[in-house]
Amino acid sequence: MKELVIPQLFVSIWLLVNGFVSCQRPAVVNLGAIFTFDSVIGKAAKPAMEAAVSDINNDIRILNGTKLNLLMVDVNCSVFLGSVGAFQLVEEEVVAIIGPQSSGIAHMISTIANGLQVPLISYAATDPTLSALQFPFFIRTTQSDSYQMAAMADLVDFFRWREVIAIVVDDEYGRNGIGALGEELNKKRAKISYKLFLSNQLDESEVMDKLNKSKLLGPRVYVVHVNPDPRLRIFTVARKLQMMTDNYTWLATDWLSATLDSFPPTKKASLGFLQGVVGLRQHTPESSQKRAFMSRWKGMQRKGSASSELNTYGLQAYDTVWIVAYAIERFLDEHKTITFSFNSKLVDMKTSGLQIEKLKVFTGGNDLLDIILQTNFTGLSGQVQFNQDQNVFSGGYDVINIDQVSIRTVGYWSNVSGLSLSPQDARKGEQNSYSRVDQRLQNITWPGGKTERPRGWIIAPDERPLRIGVPNRASFVEFVTEVHGSHRIEGYCIDVFLKARELIPYDVPYMFEPFGDGQSNPRYDDLVHMVAADVFDAAVGDIAILTNRTKMVDFSQPYASTGLVIVAPIRNSKSSAWVFLQPFTVEMWCAIAASFVMIAVVIWILEHRVNDEFRGPPKKQLVTMLMFSFSTLFKTNREEYLTLIAYIGLFFLYLLKLCICHQRDT
């Protein structure tokens with residue numbers, strides 16, 4: 001009996017101890033981070049995340065004694081290294097992965113995060129397609145390019161440009177971002193006329209070749225959407241090609257502001273060649289918390305722990321670590337512990353030594369994901385909340401303008417108010433929709449130092465000239481005709497056209513094409529039909545504006561009198577009291593008199609037997625008949641049939657008039 005009691009007691013003690021351990025909060029929680037250390041974004045994000053982890057571990061109010069351990073992997077902008085790094089972090093049983101900064105790497109790692117149920121939280125991957133249902137474990141703490149491209153489209157529409165050239169890096173970030181821009185421009189009745197795709201390396205010879213070819217195109221508004229480049233190679237090459245002049249307009253997405261913000265003050269003094277460039281910067285509202293951290297950043301630079309200036313992505317990286325820390329604290333309060341389990345499908349796989357079967361699934365991944373999506377706190381980058389697409393709510397953008405060596409903020413954009421002179425956080429609740437008339441920006445300095453709005457396009461050198469049809473007349477050659485024995489077109493209409501062309505502030509290539517053989521006047525209806533059929537782009541000549549022609553083409557305002565006159569003899573007519581009789585002819589007056597007599601006779605026949613007024617001497621009866629007939633024109637009689645007779649008489653009079661007029665016309 002004793003032998004049976006002792007094993008049961010031992011099992012009970014083991015279960016009790018094991019249950020106590022499983023309910024105990026972990027001493028350390030691993031958090032992964034994947035990004036490129038030596039990059040514009042990475043140089044700001046790395047010290048910012050390290051500072052956040054230090055602040056969290058030193059704050060006794062959060063995690064309740066559990067330490068946060070940040071494991072960072074440098075992927076060197078490689079999708080392959082990013083995938084390997086993700087597996088390395090998962091082996092360390094991380095509860096979440098922060099990053100990556102590259103949208104291409106994010107696409108690959110998101111599939112790994114889905115399979116192992118580890119939330120992937122990026123502070124820099126802006127590709128709009130990452131918000132798809134395909135990636136349920138992907139969360140974005142930076143603004144999606146869908147917002148940024150809406151801001152860029154509003155900027156293009158504000159200056160009334162209709163065509164732009166896009167310079168894009170050829171990867172998921174570039175292609176999907178510029179695809180979103182095309183959709184937004186279509187809503188504004190604008191378009192991307194040409195797309196110049198560049199490799200990730202931004203080779204200067206490649207950039208020069210693409211920009212050189214673009215000089216032969218008509219649009220002069222360039223939208224640059226590439227990765228942050230501290231060498232600013234696109235603008236450096238554009239300056240060599242004389243494309244930073246007042247004939248060109250340059251717009252840049254927030255890669256440029258992130259790059260410039262990371263420059264030290266000494267390097268910003270050499271930005272004169274960027275004069276006139278307009279860009280976007282993710283808006284972060286001013287706060288005491290942000291100012292304190294920026295002051296702290298200066299100290300980190302002096303100590304050597306930060307090698308660049310702080311940019312927007314650094315602020316968002318700091319906030320991302322805090323978002324995860326708050327979520328872990330709430331997760332531990334609810335579940336007490338963090339557990340991982342093997343995936344049976346991976347265990348059953350024969351991996352030939354890759355040891356994929358050792359990868360574990362985070363069993364609380366879905367719960368932690370839900371907690372993260374409920375985040376609502378104010379960080380360095382502003383208010384942090386997530387929408388249904390698992391993106392942080394848009395805080396808007398600053399519109400910046402580079403004027404000589406200074407970077408000016410000339411306005412703000414938000415998806416609530418559009419372009420305005422004050423940021424969205426200072427105008428909360430003021431407006432829910434906007435139109436073009438509501439948009440405002442400060443004065444902008446454009447390339448070349450001009451402040452007038454650039455036209456944004458030219459006639460391309462290889463553009464097909466306008467084909468203008470001109471009638472080759474045989475008569476009235478003073479209007480327009482082809483000079484005999486030459487191909488020169490001249491005439492009054494041609495002179496008007498050439499003078500109007502001089503008023504246009506740019507060159508319009510054209511060529512005249514004679515219509516007709518010069519032996520007889522051509523049919524103008526045929527000429528108008530050829531313009532409508534796009535055989536000619538326009539026609540110049542003495543073409544009359546007729547109703548049937550206006551249904552096919554548009555006419556300019558008439559610039560010559562019609563020349564139509566009415567020739568009539570002059571009669572010395574004397575004024576007379578009977579002038580009121582002249583509008584009607586004698587036949588018409590006779591018909592009117594006959595109708596009155598007919599009406600009088602009919603009335604007399606009907607009234608003579610019953611009405612005393614129509615009796616008596618013949619003279620009296622005649623006067624009564626005519627007066628009563630005449631009075632029916634001016635008053636309504638009490639007897640209904642009398643009024644009906646009067647109307648019948650008038651109808652007869654009208655028919656008689658039509659007959660007389662018809663006889664006269666024939």
Side-chain angles (χ1 to χ4, degrees), residues 28-59 62-63 66-77 81-82 85-86 88-90 92-103 105-106 109 113 118-126 138-143 228 258 261-262 282 284 289-290 292-301 303-329 368 372 375 377-382 384 392:
V28 177
V29 175
N30 289 334
L31 175 64
I34 294 179
F35 60 101
T36 300
F37 292 180
D38 188 21
S39 64
V40 170
I41 296 176
K43 289 179 179 179
K46 185 175 183 292
M49 288 191 290
E50 291 173 341
V53 171
S54 176
D55 292 344
I56 292 167
N57 288 334
N58 292 329
D59 192 341
I62 188 170
L63 292 181
T66 299
K67 294 297 181 182
L68 191 64
N69 183 31
L70 181 64
L71 305 175
M72 295 185 288
V73 176
D74 185 5
V75 299
N76 197 26
C77 297
L81 293 179
Q88 290 175 344
L89 291 176
V90 171
E92 298 295 332
E93 297 187 350
V94 296
V95 296
I97 298 176
I98 295 178
Q101 67 193 56
S102 166
S103 296
I105 299 175
I109 299 180
V118 176
L120 180 65
I121 311 159
S122 178
Y123 55 85
T126 57
F138 179 83
I139 305 172
R140 189 175 359 230
T141 58
T142 188
Q143 297 188 52
D261 290 344
S262 65
Q282 295 192 47
T284 55
Q289 185 181 2
K290 177 183 173 182
F293 187 78
M294 295 184 71
S295 177
R296 176 183 172 187
W297 190 270
K298 299 296 182 183
M300 294 168 60
Q301 288 179 305
K303 294 177 181 179
S305 57
S307 59
S308 76
E309 297 294 325
L310 183 63
N311 57 36
T312 305
Y313 291 106
L315 299 176
Q316 292 170 341
Y318 181 91
D319 287 345
T320 302
V321 177
W322 274 95
I323 291 171
V324 178
Y326 281 126
I328 292 173
E329 179 185 29
L368 183 61
I372 292 174
T375 298
F377 86 107
T378 302
L380 299 182
S381 59
V384 179
V392 69

Novice: Is a donor from one side chain sitting under 3.5 angstrom from an acceptor on the other, for Ser39 and Gln101?
Specialist: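 Side-chain D/A pair, Ser39 to Gln101: present.
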
Novice: The test is side-chain contact (heavy atoms from CB on, under 4.5 Å); show your working for Val73 and Phe35 and say whether it passes.
Specialist: CA-CA 7 Å; Val73 176; Phe35 60 101; over 6 Å; no

Novice: Does any non-hydrogen side-chain atom of Tyr326 lie less than 4.5 Å from one of Leu63?
Specialist: no

Novice: Are any of the side-chain heavy atoms of Val324 and Ile121 separated by less than 4.5 Å?
Specialist: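 Val324 reaches Ile121 side chain to side chain.
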
Novice: Can a side-chain donor-acceptor contact be found between Asp319 and Ser381 if the only test is distance below 3.5 angstrom?
Specialist: yes

Novice: Is it true that Lys298 and Glu309 make a salt bridge, defined as a side-chain N closer than 4.0 Å to a carboxylate O?
Specialist: yes

Novice: May I ask you to test the Val40-Asn311 pair for a side-chain heavy-atom distance under 4.5 Å?
Specialist: yes

Novice: Can you tell me how far the CD1 atom of Ile323 sits from the CD1 atom of Ile328, to the nearest 0.5 Å?
Specialist: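 These two atoms lie 12.0 Å from each other.
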
Novice: Output all residues satisfying ring-ring contact (aromatic ring centres under 6.0 Å, His included) with Tyr313, sequence neighbours left out; order by chain, then residue number.
Specialist: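 Counting only residues at least two positions away or on another chain, Tyr313 forms no ring-ring contact (aromatic ring centres under 6.0 Å, His included).
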
Novice: For the residue pair Ala113 and Leu120, what are the closest heavy atoms and their distance?
Specialist: CB-CB, 4.1 Å

Novice: Going by distance alone, is a donor N or O of one side chain under 3.5 Å from an acceptor N or O of the other, for Thr284 and Lys290?
Specialist: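 Distance-only check passes for Thr284 and Lys290.
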
Novice: Might you point out which heavy atoms bring Ser103 and Thr126 nearest each other, and give the distance in Å?
Specialist: OG-N, 3.4 Å

Novice: Under 4.0 Å between a side-chain nitrogen and a carboxylate oxygen: does that hold for Lys46 and Asp74?
Specialist: no

Novice: Between Gln301 and Ser308, which heavy-atom pair has the shortest distance, and what is it?
Specialist: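 Closest pair (atom of Gln301, atom of Ser308, distance): NE2-O, 3.0 Å.
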
Novice: Hey, does Phe37 have a side-chain heavy atom less than 4.5 Å from the side chain of Val75?
Specialist: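 Not in contact.
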
Novice: Indicate yes or no: at least one non-hydrogen side-chain atom of Leu310 is less than 4.5 angstrom from one of Phe293.
Specialist: yes

Novice: Is there a side-chain contact between Val321 and Ile56 (heavy atoms, below 4.5 Å)?
Specialist: yes

Novice: Is the side chain of Thr375 donor-acceptor paired with the backbone N or O of Ile372 at a distance under 3.5 Å, no angle test?
Specialist: yes

Novice: For a quick check under 3.5 Å, do Asp55 and Tyr318 share a side-chain donor-acceptor pair by atom type?
Specialist: yes

Novice: Applying side-chain contact (heavy atoms from CB on, under 4.5 Å) to Leu31 and Asn69, what does each step give before you reach the verdict?
Specialist: CA-CA 6 Å; Leu31 175 64; Asn69 183 31; over 6 Å; no

Novice: For Gln282 and Thr142, test the side chains for any donor-to-acceptor distance below 3.5 angstrom and give the result as yes or no.
Specialist: yes

Novice: When you compare the side chain of Leu368 with that of Val95, does any pair of heavy atoms fall below 4.5 Å?
Specialist: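 Of all side-chain heavy-atom pairs linking Leu368 with Val95, at least one is under 4.5 Å.
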
Novice: Under a 3.5 Å distance rule, please check whether Asn57 uses its side chain to pair with a backbone N or O of Leu68 as donor and acceptor.
Specialist: yes

Novice: Are Tyr123 and Arg140 packed together at the side-chain level, in the sense that at least one heavy-atom pair is separated by less than 4.5 angstrom?
Specialist: no

Novice: Return yes when atom CG of Asp38 has more than 12 non-hydrogen atoms of other residues, nucleotides or ligands closer than 6.0 Å, and no otherwise.
Specialist: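 Count not over threshold, so no.
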
Novice: I'd like to know if the side chain of Ser122 reaches the main chain of Ala124, judged simply by a donor and an acceptor atom lying under 3.5 Å from each other, with no hydrogens or angles considered.
Specialist: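 Pair found, side chain donor or acceptor close to backbone of Ala124.
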
Novice: Search all heavy atoms of Leu70 against all heavy atoms of Ala33 and return the closest pair with its distance.
Specialist: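 That closest heavy-atom pairing would be CD1-CB, 3.9 Å.
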
Novice: Please confirm whether the backbone N or O of Gln316 pairs with a side-chain atom of Thr320, one donor and one acceptor, at under 3.5 Å?
Specialist: yes

Novice: Identify the heavy atoms of Val392 and Gln143 that sit nearest to each other, and give their distance.
Specialist: CG1-N, 4.3 Å

Novice: Which pair of heavy atoms, one from Ala48 and one from Trp297, lies closest together, and at what distance?
Specialist: N-CZ3, 3.9 Å

Novice: Would you say Ser305's side chain and Met300's backbone share a donor-acceptor pair under 3.5 angstrom?
Specialist: yes

Novice: Rounded to the nearest 0.5 Å, what separates atom CD in Gln88 from atom CD1 in Ile34?
Specialist: 8.5 Å

Novice: Where the side chain of Asn30 meets the backbone of Glu92, is there a donor-acceptor pair that is under 3.5 Å apart?
Specialist: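 Yes; judged by distance alone, with no hydrogens or angles, the pair exists.
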
